[in-house]
Amino acid sequence: MTRTIVASATREIIIGFDQPFCVIGERINPTGRKKLAAEMIVGNFETVIKDALEQVAAGATMLDVNAGVTSVNPNETEPGLLVQTLEIVQGLVDVPLSIDSSVTAAIEAGLRVAKGRPLVNSVTGEEEKLEAILPLVKKYDVPVVAISNDETGISMDPDVRFAVAKKIVERAMDHGIKPHDIVVDPLVMPIGALGDAGRQVFALLHRLRNELKVNTTCGLSNISFGLPHRHGINAGFIPMVIGAGMTSAIMNPCRPQEMEAVRAANVLNGTDPNCGNWIMTYRDHKPAEGGAAAAAASPAGAGGGRRGGRAGRAGANARAE
């Protein structure tokens, strides 16, 4: 059974098919969050601290940490800021961390200060990235997220995305990195733009699990990008994607509807023994307002609610705020 081990200084987590779904908290990321970016640029980490504590309290298994505040000279600005952010976060919480950057120098700087066994986010199938990131993964003996795109971009053909994932796994093995330390992101497409995006990722997950035998992750809210009431789509997607074989996701654990779906999927998937976590979390749960009362409080003739969702990064890398 494939098991990917990540750890903080004091806590070890296993990502695996027979393990509870790994929730990687997405909030410490200034992409699309102007206020957070502005704070971090001037050395204000109040929101970072708040987000770290809130996500762990909400049930995050791990935290993703990104310090990409600007596209101007990121090779100079990002390494130091990422180190500072990682040190603050790992001083606050005991969960493992994901070092999230597209800047190789920042990833290496983060690996030098990270305690335990962090997850590197990420490497792609691009030759330049493979040759830059895989030696670091081997040197520091850490797992890495492998994103299924290469020099040609993101293919709409799931077979091509699988081929890119296979290429990354094989190149990692050439560096002495075992497949259990590769966590593949098959790239979830927005369902509003690509009607079979759900079916695509379910089929991809089946192949990744059974042919490559790797663990998987995704930017979960990509599926609902551009749609109203995104959290309803996300919550419906979670148990389906877990049932298809996904073992982790970068998501917002502070959304109760989505975390409820994760916990329910763990129960139904047999990874919450004796329903222990579900019972501990919800034994004192009070039901939400009844449907009739909620309908009465809604504007007359409302059809499916107002359009919502912030315009974050377009395309496959968009994430909910």
Side-chain angles (χ1 to χ4, degrees), residues 6 8-9 24-52 55 62-93 96-147 149-151 153-154 168 171-172 175 177 185 219 250 311-319 321:
V6 291
S8 65
I24 306 172
E26 72 177 8
R27 295 287 292 164
I28 304 174
N29 188 335
T31 304
R33 300 182 67 190
K34 292 182 180 179
K35 178 177 179 291
L36 176 59
E39 288 179 359
M40 293 176 71
I41 286 171
V42 299
N44 178 353
F45 293 93
E46 290 179 9
T47 300
V48 168
I49 292 168
K50 175 176 173 288
D51 284 343
Q55 288 183 106
M62 297 176 60
L63 295 183
D64 189 74
V65 179
N66 182 298
V69 296
T70 176
S71 59
V72 179
N73 298 324
N75 289 305
E76 297 177 11
T77 61
E78 195 167 324
L81 187 57
L82 181 59
V83 164
Q84 192 175 4
T85 309
L86 286 166
E87 289 179 330
I88 288 170
V89 173
Q90 66 188 1
L92 287 170
V93 299
L97 303 181
S98 167
I99 300 173
D100 184 357
S101 179
S102 60
V103 177
T104 302
I107 288 177
E108 184 163 21
L111 285 169
R112 285 197 294 265
V113 302
K115 297 176 182 178
R117 195 170 196 254
L119 176 67
V120 169
N121 185 8
S122 56
V123 67
T124 67
E126 298 164 277
E127 287 299 322
E128 182 180 356
K129 285 294 184 183
L130 290 168
E131 291 307 313
I133 301 299
L134 292 181
L136 291 177
V137 170
K138 177 61 178 177
K139 177 181 177 180
Y140 288 92
D141 186 27
V142 292
V144 62
V145 173
I147 300 180
N149 70 282
D150 58 16
E151 289 88 351
I154 299 171
I168 298 172
R171 291 290 293 276
H175 285 267
I177 302 163
D185 182 345
I250 300 170
R313 274 191 300 184
N317 290 323
R319 287 182 186 164
E321 180 70 12

**OP:** Mind running side-chain contact (heavy atoms from CB on, under 4.5 Å) on Lys50 and Arg27 for me, showing each step along the way?
**Re:** CA-CA 10 Å; Lys50 175 176 173 288; Arg27 295 287 292 164; over 6 Å; no
Subject >> Atom of Glu108, atom of Lys139 and distance for their closest heavy-atom approach >> reply: OE2-NZ, 3.8 Å
**OP:** Please examine the side chains of Met40 and Gln84, heavy atoms only from C-beta on, and report whether any two atoms are closer than 4.5 Å.
**Re:** no
**OP:** Measure the shortest side-chain to side-chain distance between Val137 and Val123 over non-hydrogen atoms and say whether it is less than 4.5 angstrom.
**Re:** no
**OP:** Could you tell me whether the side chain of Glu131 and the main chain of Glu127 form a donor-acceptor pair under 3.5 Å?
**Re:** no
Original post:
Is the side chain of Gln90 donor-acceptor paired with the backbone N or O of Ser8 at a distance under 3.5 Å, no angle test?
Top reply: no
Subject >> Atom CD of Glu128 with >12 non-hydrogen neighbours under 6.0 angstrom >> reply: no
Original post:
Testing Leu82, Val65, Leu119 for side-chain contact (heavy atoms from CB on, under 4.5 Å) with Ile99, which one passes?
Top reply: Leu82
**OP:** State, yes or no, whether a side-chain contact exists between Asp150 and Thr124 at a heavy-atom distance under 4.5 Å.
**Re:** no
Subject >> Test side-chain contact (heavy atoms from CB on, under 4.5 Å) applied to Asn121 and Ile250, step by step >> reply: CA-CA 11 Å; Asn121 185 8; Ile250 300 170; 3.5 Å; yes
Original post:
Within a strict 4.5 Å, meaning less than it, do heavy atoms of the Ile41 and Thr77 side chains meet?
Top reply: no
Original post:
Does Ser98 use its side chain to pair, donor to acceptor, with the backbone of Asp100 at less than 3.5 Å?
Top reply: no
Original post:
Glu26 side chain to Asp64 main-chain N or O, any donor-acceptor pair under 3.5 Å?
Top reply: no
Original post:
Which atom pair, heavy atoms only, marks the closest approach of Ala52 to Leu92?
Top reply: CB-CD1, 4.4 Å
**OP:** Say whether, by atom type as modelled, one donor and one acceptor occur between the side chain of Lys129 and the main chain of Ser102 under 3.5 angstrom.
**Re:** yes
**OP:** Work out which heavy atom in Pro30 is nearest to a heavy atom in Val69; give both atom names and the distance.
**Re:** CG-CG1, 3.9 Å
Original post:
Is the shortest distance from a Lys or Arg side-chain nitrogen in Arg33 or Glu39 to a carboxylate oxygen in the other one below 4.0 Å?
Top reply: no
Subject >> Taking every non-hydrogen atom, the tightest pair across Pro118 and Gly116 >> reply: CD-O, 3.6 Å
Subject >> 4.5 Å side-chain heavy-atom contact, Ile28 and Gln55 >> reply: yes
**OP:** Quick one: closest heavy-atom pair of Asp185 and Gly219, and the distance?
**Re:** OD2-N, 4.2 Å
Original post:
Between Val120, Asn66, Ile107, which is the residue that forms a side-chain contact (heavy atoms from CB on, under 4.5 Å) with Ser101?
Top reply: Ile107
**OP:** Decide yes or no for Pro96 and Arg117: does some side-chain heavy atom of the first lie under 4.5 Å from some side-chain heavy atom of the second?
**Re:** no
**OP:** Taking all non-hydrogen atoms of both residues into account, name the closest pair between His175 and Pro135 and its distance.
**Re:** CE1-CG, 3.9 Å
Subject >> Value rounded to 0.5 Å, distance of CG in Leu63 from OG1 in Thr85 >> reply: 12.5 Å
Original post:
Between atom OG1 of Thr31 and atom CG of Asn29, what is the distance when rounded to the nearest 0.5 Å?
Top reply: 4.0 Å
